[in-house]
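A short write-up of the structure that comes next.
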Amino acid sequence: VIRSQPSRAQPGKLLESIEGQLPPLNQLPQGCRFHPRCPHAIDACRTGDIPMDAATPNHVLRCIRWRDLRAAA
């Protein structure tokens with residue numbers, strides 16, 4: 001579950017953050033930019049181009065696992 005998503009936050013509760021530090025913009029990793037810090041990353045997250053996907057008509061994201069993670073929540 002993407003717990004840092006404001007629409008899922010409970011009033012008065014801090015949003016969760018991803019551990020670690022952002023890499024320099026000129027040294028972004030291959031694949032998903034978050035895979036080095038994401039606890040849900042799999043091998044497919046580490047290579048290739050991660051396409052944009054529409055979660056709703058007003059919300060797009062770049063995560064190949066979001067459907068699986070949402071279903072598991």
Nearest 0.5 angstrom please: [X] [atom1] to [Y] [atom2], how far?
{"X": "Phe34", "Y": "Cys63", "atom1": "CZ", "atom2": "SG", "value": "10.0 Å"}
{"X": "Gln21", "Y": "Arg37", "atom1": "CD", "atom2": "CZ", "value": "9.0 Å"}
{"X": "Cys32", "Y": "Ile64", "atom1": "SG", "atom2": "CD1", "value": "8.0 Å"}

Mark yes or no for whether Arg65, through its side chain, and His40, through its backbone, hold a donor-acceptor pair below 3.5 Å.
yes
Provide the full list of side chain to side chain donor-acceptor pair (under 3.5 Å) pairs with a residue in residues 42-56, sequence neighbours left out, each pair given once.
Asp53-Trp66, Asp53-Arg67
Apart from Leu22 itself, residues in the same hydrophobic cluster as defined by side-chain heavy atoms under 4.5 Å
none
At their closest point, which heavy atom of [X] faces which heavy atom of [Y], and how far apart are they?
{"X": "Ala55", "Y": "Leu61", "result": "CB-CD2, 3.8 Å"}
{"X": "Ile50", "Y": "Ala44", "result": "CD1-O, 4.0 Å"}
{"X": "Ala54", "Y": "Val60", "result": "CA-CG1, 4.1 Å"}

